[in-house]
Amino acid sequence: MKEGFFITLEGFEGSGKTTLAKIIYKTLLKNGLNTVLAKEPGGTVIGDKIRKILLERGNEGLGYKAELLLFTASRAENVRINIKPSLEKGLIVICDRYFDSTTAYQGFGRGIDMSVIDYFNNFAVEDIIPNLTLFLDVDTEIGLKRATMFHKNLELRFEDEFIQKKEVNGKLFLERVRDGYYQIARQNPERIKIIDANRDISMLTEDIIEILNLKLSEKFKRDIILKLHN
Ligand code: TYD
């Protein structure tokens, strides 16, 4: 039985997701709420090895099916070792990306059949579904510009798609991913909150704190008014 509260952050590259995950994590901790921060892919001994396979130069040619299975394997380990036990202890868990990333990138982006995606997502997470997902929606061009300023390794995975703007079934991969996220959000309006991430990070943080105050007050059945720490 899941007792804690599970928050995931989703969005395109350069949406500020990782920075915000850290701000939320610190804020919750400093407000006396026991919280753990997780990340995908990776976060476990095997998961980190899988992450390495996914990002290593030379592995760009990895097929879509194997890619899906590796992200799924990393998630299954993260759920088993970090996320599920923490939720069972009643903690708040924040995870930087989760199964919506697989639906958006491998499903909508790569074009793998959704029934296959759903099957593997369910297989990896079972009943560990987020209580709240913050979808940081950034314009793809702004996002790519921000992301390439930091140029992270894992972007190699989508180098052709991002840099050379490769099309999949007649539509840009990056647009397919973003539209995919919208569809996922529309199908899960209770769980997923869309945040306009084209704005300054301090404005995003304000919006997020407001959502968290509401959701956590509901969860813990007392008034929670978080004081920001970053
Ligand atoms: P990462 O370096 O963790 O960067 P960020 O999350 O800050 O963008 O890269 C994760 C990359 O892997 C990102 O391009 C999205 C992709 N990804 C998938 O394609 N499927 C998945 O299931 C997950 C978790 C990530």
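Just follow the structure's listing: the first ligand is 1, and inside any ligand the first atom is 1. Since the structure is predicted, the reported quantities are computational estimates derived from the model, not experimental observations. Residues: numbered from 1 along the sequence shown.
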*Which option, Arg97, Gln106, Arg75, Arg110, owns the non-hydrogen atom nearest atom 6 (O) of ligand 1?*
Arg97
*Considering Phe71, Phe12, Phe120, which one's heavy-atom position lies nearest to atom 25 (C) of ligand 1?*
Phe71
_N/O separation below 3.5 Å, Asp96 to ligand 1_ = no
*Just do the side chain to side chain donor-acceptor pair (under 3.5 Å) check on Asn121 and Thr103 with the steps written out, would you?*
CA-CA 8 Å; Asn121 278 347; Thr103 311; 3.1 Å; yes
*According to a 4.5 Å side-chain heavy-atom criterion applied to Ile, Leu, Val, Met, Phe, Trp and Tyr, with indirect links allowed, do Leu174 and Tyr64 form part of one hydrophobic cluster?*
yes
_Between Ile142 and Leu144, is there shared hydrophobic-cluster membership here, with clusters defined by ILVMFWY side-chain heavy atoms closer than 4.5 Å?_
yes
*Which of the atoms of ligand 1 are close to Thr102, meaning less than 4.0 Å from one of its heavy atoms?*
21 (C), 22 (O)
*Where the closest heavy atom to atom 3 (O) of ligand 1 is concerned, which of Glu161, Lys39, Glu13 has it?*
Lys39
_Applying side-chain contact (heavy atoms from CB on, under 4.5 Å) to Tyr98 and Ile83, what does each step give before you reach the verdict?_
CA-CA 11 Å; Tyr98 197 55; Ile83 301 173; 3.8 Å; yes
_List ligand 1 atoms under 4.0 Å from Arg51, heavy atoms only on the residue side._
1 (P), 2 (O), 3 (O)
*Neighbour count >12 (heavy atoms, 6.0 Å) for atom NZ, Lys215*: yes
_I need the atoms of ligand 1 closer than 4.0 Å to a non-hydrogen atom of Lys17, numbered in the order shown._
5 (P), 6 (O), 7 (O)
*Taking only heavy atoms of Phe158, which atoms of ligand 1 are found under 4.0 Å from at least one of them?*
14 (O), 16 (C), 19 (O)
*Cut-off 3.5 Å, side chains only: do Glu10 and Ser101 have a donor facing an acceptor?*
yes
*Within a distance under 4.0 Å of any heavy atom of Thr18, pick out the atoms of ligand 1 and give their elements.*
7 (O)
*Tyr181 vs Tyr105 aromatic rings, parallel, tilted or perpendicular, using cut-offs 30° and 60°?*
perpendicular
